[in-house]
Amino acid sequence: MKYVVRGIPQDVADEVRRTRVAPGYGHPAHEEIARATGPCRCCLRTFVPGRDRRLLFTYRPPGEPGSLMAPGPVFIHASRCEAFADDGFPRRLRELPLAFEARASGGRVIALSAQPGIPAELQIQRLLARDGVEWVQVRHAVAGCYIASVKEKGPAVSRGA
Ligand SMILES: [Zn+2]
């Protein structure tokens, strides 16, 4: 089963960098030098503590209309970075304690996996294979904050005539 991992979209991250306010909430984003590894929710790389500058703001993860996705604090690089757009699981996230929530329709959490000894790919595959699971939300297993969303990759769209 193939899947895609995506953090905060490029346009949303760039807007926060430009306006310095939280999308949808309007309160100020806070800039600081990283005191921990994060990660950045845009490029899905860890911060270098004491060196990287980052923005802290409130973010509400995407969900289907009507779902009550809980907002929470997230960090992104203060300077522009490229939103993660590769296949597979982001290599730099493996350094972090992660929790994977299986989400069903309406954003309901129907299973949780947070097993440090088991590769992220395997935990994701197991959750996506369960009945009713539509996507998986990746969270920081210690801080609890949203990191990324994982969806099953659909079949390739035919471009034939
Ligand atoms: Zn970044």
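For this chain, numbers begin at 1 and follow the sequence in order. Just so you know, ligand 1 is whichever comes first in the structure, and atom 1 is the first atom listed for that ligand. Values reported hereafter were calculated over all heavy atoms of this structure, with side chains retained and with hydrogens, waters and symmetry mates removed.
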> Once rounded to 10°, what is the value of the angle centred on the Zn ion (ligand 1) between C81 SG and C40 SG?
Replying inline: 110°

> Parallel under 30°, tilted from 30 to 60°, perpendicular over 60°: which one fits the rings of Y59 and Y146?
Replying inline: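 It falls in the tilted class, 30° to 60°.
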
> Is the shortest side-chain N to carboxylate O distance from R103 to E134 below 4.0 Å?
Replying inline: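 No.
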
>> Looking at E121 and R94, is any side-chain nitrogen of the basic one under 4.0 Å from a carboxylate oxygen of the acidic one?
In response: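 So R94 pairs with E121 through a salt bridge.
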
> Ring centroid separation for F47 and H77, is it under 6.0 angstrom?
Replying inline: yes

> Is the distance from the Zn ion (ligand 1) to some N, O or S atom of C42 under 2.8 Å?
Replying inline: no

>> Between the Zn ion (ligand 1) and H77, which N, O or S atom of the residue is the nearest one?
In response: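 The atom in question is ND1.
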
